[in-house]
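For reference, the structure discussed in these notes is given below.
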Amino acid sequence: MHQQLIMNITDLFTPQSKVDFYTKIFDTLDLSSFPDYVNSSSSGPDGFSRHALFRAFMVMKCEKFSEITQLQEYLFNNQIIAHSCGFDITRKLPSYWTYRRFIKNTAHKWFAAVMQSQVKMLVSLGFIDGSFVSLDSTSIEANTSKNNSKSFDKTRFDKSVQPKSDKDCRLGVRTASNAYNEKNYEFYWGYKNHILVDAVSGLPIAEITTTANVTDGEIAIPLLKDTRSWISLEETFFIADKGYDFRDIYNFVRDELNGHCFIPLNQRSSKKNRKTLSCGNILCDAGLAMHKDGRQYLKSYIKQKYCCPFRTSKDDSLCPCKHPKYFNGRKNRGCVKYASIGSDYRASINRDSEYFKSIYALRTESERYNSRWKNLNTDKASVRSIAAIENLNTIGHICLLALAIAAVKSGKTSCLKSLRNFKKSA
């Protein structure tokens, strides 16, 4: 009777639409593999259901809170939501330290298992099939004063001076765009979340959190290997930006997944910008077409040699720019340049074709999803360990997958990617 009275009072403070929203979101979760109570001598029992704590952090992300204290206050003022999470509201709700212990000490594999079950559900519903996948990463700033743009610390971006507040974060760099000549970049201390997205539906399939110093190319193959162990990526079209332009990635997608890569070339060397004729011959420093002079066949590319057009001439006045190597005193005079001609799968892709451009255009789904995910206040960490950050990151993905499942089951597919619209219609 006392509990029913409390429920009637709390109904006055929380809109029914908000209660219905969280009821639908929580109904999409399969927590059967997530341990509800774990007796651990290292962390000690906290007396609260871990399923309830899990749902509480779902509320934190759905309400776009950045701090645990905001979640704590919200559940205190909306106890019917706390009841929906699974807490006994006739007792005291969890403390800040209880939430913090849960998100830091719970093994990440349990959160990953929940996310995988959601992806499999969306596969069965026909919204994810893995035929077109896009991989991209997004930066996460660590909770440290070194990321403050107004800081006067002279060692702010000295990678040898680790921030005292977060021993796990590392120094990384991010650019404003993917342009080849992008010069607008900045350093930051923190992490990266690498997200594999279904490029048709714009929904996440898999993700992994690393420190900021890990390059995108390093993580692609391990993430694809792990993902294909529980979902089919056979004959997939792999789409990614120039940060993933590595031969090993191309060969893995072709040989292991029987798929195709849609990745633009990364102009890593200034030699790529030198002038050439339409037939491919290199122009020398004086603007003259150089002659081919043999080639060397290597494992994955051909090294083509180009020589001076006057290499056998004895006339010292023929070189327009008076290049020093033209007066080398040798039988074959003048400068020599080399060009690499790819002979592998990476080099065989026609990136100027309309087919390549049309498939590569699907990569924008990664950017759109990253924007939605960061809108949950995930791009700036409020906790200070990689264990807590990767758990919070995964919960953010779980929230957006739960939204998609709830929207499909409710017949509101127009709200599939809009948290705000689904809240209004719930």
query: For the side chain of T155 and the backbone of D158, is there at least one donor-acceptor N/O pair under 3.5 Å apart?
result: no
- prompt: Testing T227, I195, I219, N193 for side-chain contact (heavy atoms from CB on, under 4.5 Å) with I208, which one passes?
  reply: I219
query: Can you name the nearest heavy-atom pair linking V383 to L392, along with the distance?
result: CG2-CD1, 3.8 Å
message: Keeping S229 on the side-chain end and D226 on the backbone end, is there a donor-acceptor pair under 3.5 Å?
response: yes
message: Using only atom types and a distance under 3.5 Å, with no angle test, would you say the side chain of Q70 pairs donor to acceptor with the backbone of E67?
response: yes
Over all atoms of both residues, closest heavy-atom pair of S49 and D36: OG-OD1, 2.5 Å
query: So do P264 and D245 actually touch side chain to side chain, heavy atoms under 4.5 Å?
result: no
- prompt: Taking atom CD of E234 as the centre, does the number of heavy atoms from other residues, nucleotides or ligands within less than 6.0 Å exceed 12?
  reply: yes
message: I want to check something: taking the side chain as every heavy atom from C-beta on, are K337 and D285 in contact at a cut-off of under 4.5 Å?
response: yes
query: Under 3.5 Å, is there a donor-acceptor pair between the side chain of Q304 and the main chain of G294?
result: yes
query: Going by heavy atoms in the side chains, are N281 and K292 under 4.5 Å from each other?
result: yes
message: Please give me the minimum heavy-atom distance between I282 and Y306, naming the atom from each residue.
response: CD1-CD1, 3.6 Å
Show which side-chain atoms of residues 196-203 pair as donor or acceptor with protein atoms under 3.5 Å away, not counting sequence neighbours.
residue : atom : partner : partner atom : Å
D198    : OD2  : V200    : N            : 3.3
D198    : OD2  : S201    : N            : 2.8
D198    : OD2  : S201    : OG           : 2.8
S201    : OG   : F127    : O            : 3.1
S201    : OG   : L203    : N            : 3.4

Sequence neighbours excluded, every pair satisfying side-chain hydrogen bond (donor to acceptor under 3.5 Å, both in side chains) that has a member inside residues 110-130: D129-S131
message: Let me confirm one number: the CZ-CG distance from F157 to N147, rounded to the nearest 0.5 Å.
response: 6.5 Å
Nearest heavy atoms of F356 and R351, plus distance in Å: CD2-O, 3.5 Å
message: Tell me whether R346 contacts the main-chain N or O of N251 through its side chain, where contact means a donor paired with an acceptor under 3.5 Å.
response: no
Test log, rule side chain to side chain contact (heavy atoms under 4.5 Å, CB included), inputs L29 and F34: CA-CA 10 Å; L29 298 176; F34 199 102; over 6 Å; no
field: Side chains of I405 and L122 in contact at under 4.5 Å (non-hydrogen atoms)
entry: yes
- prompt: Roughly how far apart are D136 CG and S366 OG, rounded to 0.5 Å?
  reply: 5.5 Å
- prompt: Would a 4.5 Å heavy-atom cut-off, applied to side chains only, mark Y22 and R55 as touching?
  reply: no
W373 vs K61, side chain to side chain contact (heavy atoms under 4.5 Å, CB included): CA-CA, chis, key distance, verdict: CA-CA 10 Å; W373 181 75; K61 288 304 171 188; over 6 Å; no
task: Please check if the side chain of Y250 supplies one atom and the backbone of I263 the other of a donor-acceptor pair under 3.5 Å.
output: yes
- prompt: Side chains of I68 and F57: does their closest heavy-atom pair fall under 4.5 Å?
  reply: yes
message: Is the shortest side-chain heavy-atom distance between S134 and Y369 below 4.5 Å?
response: no
- prompt: What distance do I205 atom CD1 and L233 atom CG have between them, rounded to the nearest 0.5 Å?
  reply: 6.5 Å
Criterion side chain to side chain donor-acceptor pair (under 3.5 Å) against S137, the qualifying member of D241, D216, T209, T215: D216
Minimum heavy-atom distance between L416 and A404, given as atom pair plus value: CD1-O, 3.4 Å
- request: Answer with yes or no whether the side chains of N370 and T138 bring together a donor and an acceptor at under 3.5 Å.
  value: no
query: For Q162 and C169, what are the C-alpha separation, side-chain angles and deciding distance, and is it a side chain to side chain contact (heavy atoms under 4.5 Å, CB included)?
result: CA-CA 8 Å; Q162 182 73 23; C169 71; 3.8 Å; yes
- request: Please confirm whether the backbone N or O of V59 pairs with a side-chain atom of Y74, one donor and one acceptor, at under 3.5 Å?
  value: no
- prompt: Just wondering, more than 12 heavy atoms not from F76 lying within 6.0 Å of its CZ?
  reply: no
- prompt: Under the 6.0 Å and 45° cation-pi test, does R174 pair with Y188?
  reply: yes
- prompt: Which distance, rounded to the nearest 0.5 Å, do you find between the CZ of R254 and the NE2 of H260?
  reply: 10.5 Å
- prompt: Do F54 and F102 pass the ring pair (Phe, Tyr, Trp, His ring centres under 6.0 Å) test, and can you show the C-alpha distance, the side-chain angles, and the key distance before you say yes or no?
  reply: CA-CA 8 Å; F54 181 97; F102 169 79; 7.2 Å; no
task: For N266 and Y244, test the side chains for any donor-to-acceptor distance below 3.5 angstrom and give the result as yes or no.
output: no
query: Would D168 and S385 satisfy side chain to side chain donor-acceptor pair (under 3.5 Å), going step by step from the backbone distance to the final call?
result: CA-CA 6 Å; D168 294 336; S385 71; 4.9 Å; no
- request: Please step through side chain to side chain contact (heavy atoms under 4.5 Å, CB included) for the pair R363 and E367, ending with a clear verdict.
  value: CA-CA 7 Å; R363 200 192 69 82; E367 296 176 350; 2.4 Å; yes
task: Verify, without hydrogens or angle tests, whether W189 (side chain) and R156 (backbone) share a donor-acceptor contact under 3.5 angstrom.
output: yes
statement: From the list H194, E390, E218, K192, side chain to side chain donor-acceptor pair (under 3.5 Å) partner of T210 resolves to H194
message: Once rounded to the nearest 0.5 Å, what's the spacing between atom CD1 of I89 and atom CG of N78?
response: 11.0 Å
query: Side-chain contact, heavy-atom cut-off 4.5 Å: E207 with M115?
result: yes
- request: Report yes or no: do S382 and N143 form a side-chain donor-acceptor pair below 3.5 Å?
  value: no
task: Drop me the distance from I398's CD1 to N393's CG, to the nearest 0.5 angstrom.
output: 11.0 Å
K104, NZ atom: more than 12 neighbouring heavy atoms under 6.0 Å: no
query: Is the distance between the ring centroids of F262 and Y360 under 6.0 Å?
result: no
Donor-acceptor contact present, side-chain K423 to main-chain C62, <3.5 Å: yes
- request: Examine distances only and state if a side-chain atom of N213 and a backbone atom of L171 form a donor-acceptor pair shorter than 3.5 Å.
  value: no
query: Taking all non-hydrogen atoms of both residues, which atom of M58 and which atom of F26 are closest, and how far apart?
result: CB-CE2, 4.1 Å
query: For atom NZ of K357, is the number of surrounding heavy atoms from other residues, nucleotides or ligands below 6.0 Å larger than 12?
result: yes
- prompt: Does D166 come within less than 4.0 Å of K146, counting only side-chain N to carboxylate O?
  reply: no
